[in-house]
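Heads up: numbering here begins at 1 and tracks the sequence. What you see is a predicted model, and the numbers here were worked out from it, not measured in a lab.
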Amino acid sequence: MDFAFGADDDALRARARAWLTGHLAGPYARAAGLGGPGSEHEEVAARRAWERELGRGGWIGQGWELPAGTYGQQRLSPTGQVVWAEEYAALRAPARVGHIGENLLAPTLIAHGTREQQDRFLPGIARGEELWCQGYSEPGAGSDLAGVRTSAVRDPADGLWRVTGQKTWTSLARDADWCFVLARTDPASRRRRGLSFLLVRMDQPGRVEVRPIRQMSGTSEFNEVWFDGAVAAAVVGGEGNGWAVATGLLALERGVSTLVQQIGFAAELDRVLAAYTARTGPAEGGGGAAGGGADPVLHDRLVRQWAELRTMRWHALRTLAASASPSGRAPADPGAPSVAKLLWGGWHRRLGELAVAVRGAAAAAGTVPWAPGLPYEQGLGQDQRLFLFSRADTIYGGSDEIQRNIIAERVLGLPGEAR
């Protein structure tokens, strides 16, 4: 596939920019630039209302492999999806609270669900009315997803599956209406066998409990979710086929979203560059970032960060082009999602380290005097937040070690890790 932007993409860019500019007003304007990893607690009500606004505009589900308008959504080409995502990020629209349903569950339902399941759940996602969270990780099954112990038992009285167990690090669980849960439906099974992919409504008093995980920042970006006989509304992909469904979903976590993420990375890098220039003074002849007080080591690291970010963009575009098949459901390269995760996770963590290095000794001090009861995060500057949160980038979403194992086993054909 020739992944080039054409005249249609230019027209879409103008249309997307005009729509976003016209609709980012009122409460949505207050939520501009807020939310996302590390800040999911910000302006949730306004961002949830924004999801419904996006749904009314048909901007949710543009990449679903369905005819345009099936559930009210526009249908955009891969390049069109990139254009929309770039404009969305450039105008600092609110971070999406519906991205888990739109980008993870919906393609999974299209690939593995029944038509009845699609008709039940896709319209609510397309309208921005039903939010989803992901029930994968457990205290003993984080990166090693095959070790899940949450169980589901079919009730002989009504034939429904009832889920019992604990999930952790669950983003948006307090606000989600539904959760897709990987659970063991065959008690005699081990590892990847006997798992099923279940859809569970969160509003089940006494059967579903969400416990926020309070962080040292004073906020709670993640949650624990406890199931005690919670009723599952559906099983996607059939009983016992949960591993294939769950791992197929994980491959969807990298794609257009990686390109959007890079726009945010570029803004953070620009801020670090500006801080470096302010510290060293302009370069001789104007412009540049290497003035009379330049530090050659920091200068080299900044140039390397810039070059690596450009490389990641072209890698993401090439991967997206290679994965654009008639079904559009799986990357052509089985290691592509893992390579992408390794690239951006390490890059962002190095940027956090570079941000505080540029500030020097001042990075060790907070922005306001400490006082008892003061939330930790209120004393942090942007660069300090970047440094602290980016430490998690190489862990969440599959640690670097797990990604390297996937590449070794699935791409290079090396022997599997002893378990």
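- Salt-bridge annotation for Asp177 and Arg48: present, with a side-chain N of the basic residue lying under 4.0 Å from a carboxylate O of the acidic one.
- Between Val225 and the choices Met202, Arg174, Gln166, Glu138, the side-chain contact (heavy atoms from CB on, under 4.5 Å) rule is met once, by Met202.
- Taking 4.5 Å as the limit, some side-chain heavy atom of Met312 sits within range of a side-chain heavy atom of Trp347.
- Taking 4.5 Å as the limit, some side-chain heavy atom of His315 sits within range of a side-chain heavy atom of Val339.
- Within the 4.5 Å cutoff, side-chain heavy atoms of Ile100 are placed close to those of Phe180.
- Atom CG of residue Leu122 and atom CZ of residue Arg127 lie 10.5 Å apart, to the nearest 0.5 angstrom.
- Here the closest non-hydrogen pair linking Val272 and Ala355 is CG2-CB, 3.8 Å.
- Under a 4.0 Å N-O distance rule, the pair Glu65/Arg75 qualifies as a salt bridge.
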Query raised in the report: Stepwise, does the side chain to side chain donor-acceptor pair (under 3.5 Å) test hold for His112 with Gln117?
Result: CA-CA 10 Å; His112 300 282; Gln117 291 170 348; over 6 Å; no

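- Legend: residues meeting side-chain contact (heavy atoms from CB on, under 4.5 Å) with Asp119, ordered by chain and number and at least two apart, are Tyr71, Arg115.
- Counting only distance, with no hydrogens or angles, the side chain of Arg350 and the backbone of Gly346 share a donor-acceptor pair below 3.5 Å.
- Ion pair Arg47/Glu40 flagged as a salt bridge, since at least one NZ, NE, NH1 or NH2 atom sits closer than 4.0 Å to an Asp/Glu carboxylate oxygen.
- Comment: Asp158 engages Arg162 in a salt bridge, judged by a side-chain N to carboxylate O separation of less than 4.0 angstrom.
- The main-chain N or O of Arg17 is found under 3.5 Å from a side-chain atom of Thr21 such that the two form a donor-acceptor pair.
- Taking the six-membered ring where tryptophan is involved, the planes of Tyr88 and Trp84 are tilted, since the angle between them lies from 30° to 60°.
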Query raised in the report: Given Glu51 and Glu129, is the side chain to side chain contact (heavy atoms under 4.5 Å, CB included) satisfied, shown in steps?
Result: CA-CA 7 Å; Glu51 289 293 318; Glu129 293 175 354; over 6 Å; no

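- Counting only heavy atoms from C-beta outward, the side chains of His348 and Asp393 approach each other to under 4.5 Å.
- A distance-only check finds a donor-acceptor pair linking the side chain of Gln384 to the backbone of Ala363 [under 3.5 Å].
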Report task. Applying side chain to side chain donor-acceptor pair (under 3.5 Å), run through Thr170 and Glu224 and close with a yes or a no. Result -> CA-CA 6 Å; Thr170 310; Glu224 294 177 303; over 6 Å; no

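- Environment of CH2 in Trp306: sparse, with no more than 12 heavy atoms of neighbouring residues, nucleotides or ligands closer than 6.0 Å.
- In this structure, the side chains of Phe227 and Val181 come closer than 4.5 Å at one or more pairs of heavy atoms.
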Query raised in the report: Going through the checks in order, is the side chain to side chain contact (heavy atoms under 4.5 Å, CB included) test met by Leu298 and Tyr276?
Result: CA-CA 9 Å; Leu298 288 179; Tyr276 178 75; 3.8 Å; yes

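- Under the side-chain contact (heavy atoms from CB on, under 4.5 Å) criterion, Thr311 pairs with no residue at all, not counting sequence neighbours.
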Query - Test log, rule salt bridge (Lys or Arg N to Asp or Glu O under 4.0 Å), inputs Glu53 and Arg56 - result: CA-CA 5 Å; Glu53 189 76 9; Arg56 285 189 287 269; 2.6 Å; yes

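- Around the CH2 atom of Trp59, the shell of radius 6.0 Å holds more than 12 heavy atoms that belong to other residues, nucleotides or ligands.
- Inspection of the Thr394 and Asp400 side chains reveals no N or O donor paired with an N or O acceptor under 3.5 Å.
- Taking CG of Leu342 as the reference point, atom CD of Glu401 lies at 9.5 Å (rounded to 0.5 Å).
- No donor-acceptor pair closer than 3.5 Å links the side chain of Trp243 to the backbone N or O of Leu195.
- Ser171 and Gln134 share no side-chain donor-acceptor pair at under 3.5 Å.
- The backbone N or O of Arg201 sits less than 3.5 Å from a side-chain atom of Gln204, completing a donor-acceptor pair.
- Taking the ring centre of Trp226 as origin, the terminal cationic atom of Arg211 falls inside the region bounded by 6.0 Å and 45° from the ring axis.
- A heavy-atom distance below 4.5 Å is found between the side chains of Leu109 and Val236.
- To the nearest 0.5 Å, atoms OG1 (Thr277) and CG (Leu302) are separated by 8.5 Å.
- Under 4.0 Å is where a charged nitrogen must lie from a carboxylate oxygen, and between Arg13 and Glu86 at least one such pair does.
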Report task. Take Trp64 and Asn103 through the test side chain to side chain contact (heavy atoms under 4.5 Å, CB included) and record every step on the way to the result. Result -> CA-CA 9 Å; Trp64 296 353; Asn103 299 321; 5.8 Å; no

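- Contact between Ser338 and Gln403 at its shortest, heavy atoms only, is OG-OE1, 2.8 Å.
- Rounding to the nearest 0.5 Å places CG of Asp186 at 9.0 Å from OG of Ser196.
- The main-chain N or O of Ala31 is never found under 3.5 Å from a side-chain atom of Glu43 such that the two would form a donor-acceptor pair.
- Using modelled atom types, one side-chain atom of Arg154 and one backbone atom of Gly159 make a donor-acceptor pair closer than 3.5 Å.
- Between Leu182 and Gly242 the shortest heavy-atom distance is CD1-O, 3.7 Å.
- A pairwise comparison of heavy atoms in Ala173 and Asn223 identifies N-ND2, 3.6 Å as the closest pair.
- Within the 4.5 Å cutoff, no side-chain heavy atoms of Thr164 are placed close to those of Thr150.
- Taking CG of Asn241 as the start and OG1 of Thr185 as the end, the distance is 9.0 Å to the nearest 0.5 Å.
- For Arg304, the CZ atom is loosely surrounded, since the number of other residues' heavy atoms within 6.0 Å does not exceed 12.
- By the 4.0 Å N-to-carboxylate-O rule, Arg391 lies close enough to Glu353 to be salt-bridged with it.
- Within 6.0 Å of CG in Asp8 there are 12 or fewer heavy atoms belonging to other residues, nucleotides or ligands.
- Using a 4.5 Å heavy-atom threshold, the side chains of His41 and Ser220 count as separate.
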Query raised in the report: Can you list the steps and then say if Phe222 with Thr168 is a side chain to side chain contact (heavy atoms under 4.5 Å, CB included)?
Result: CA-CA 8 Å; Phe222 308 103; Thr168 193; over 6 Å; no

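- Distance check, rounded to the nearest 0.5 Å: CG of Leu66 to CD of Gln118 gives 6.5 Å.
- Between Gly80 and Asp9, the closest heavy-atom pair is N-OD1, 3.5 Å.
- The backbone N or O of Tyr136 sits less than 3.5 Å from a side-chain atom of Lys167, completing a donor-acceptor pair.
- Under a 3.5 Å cut-off, the side chain of Glu102 and the backbone N or O of Ala126 do not form any donor-acceptor pair.
- Residue Ala183 comes nearest to Leu198 through the heavy atom pair CB-CD1, 3.6 Å, listed as atom of the first residue, atom of the second, then distance.
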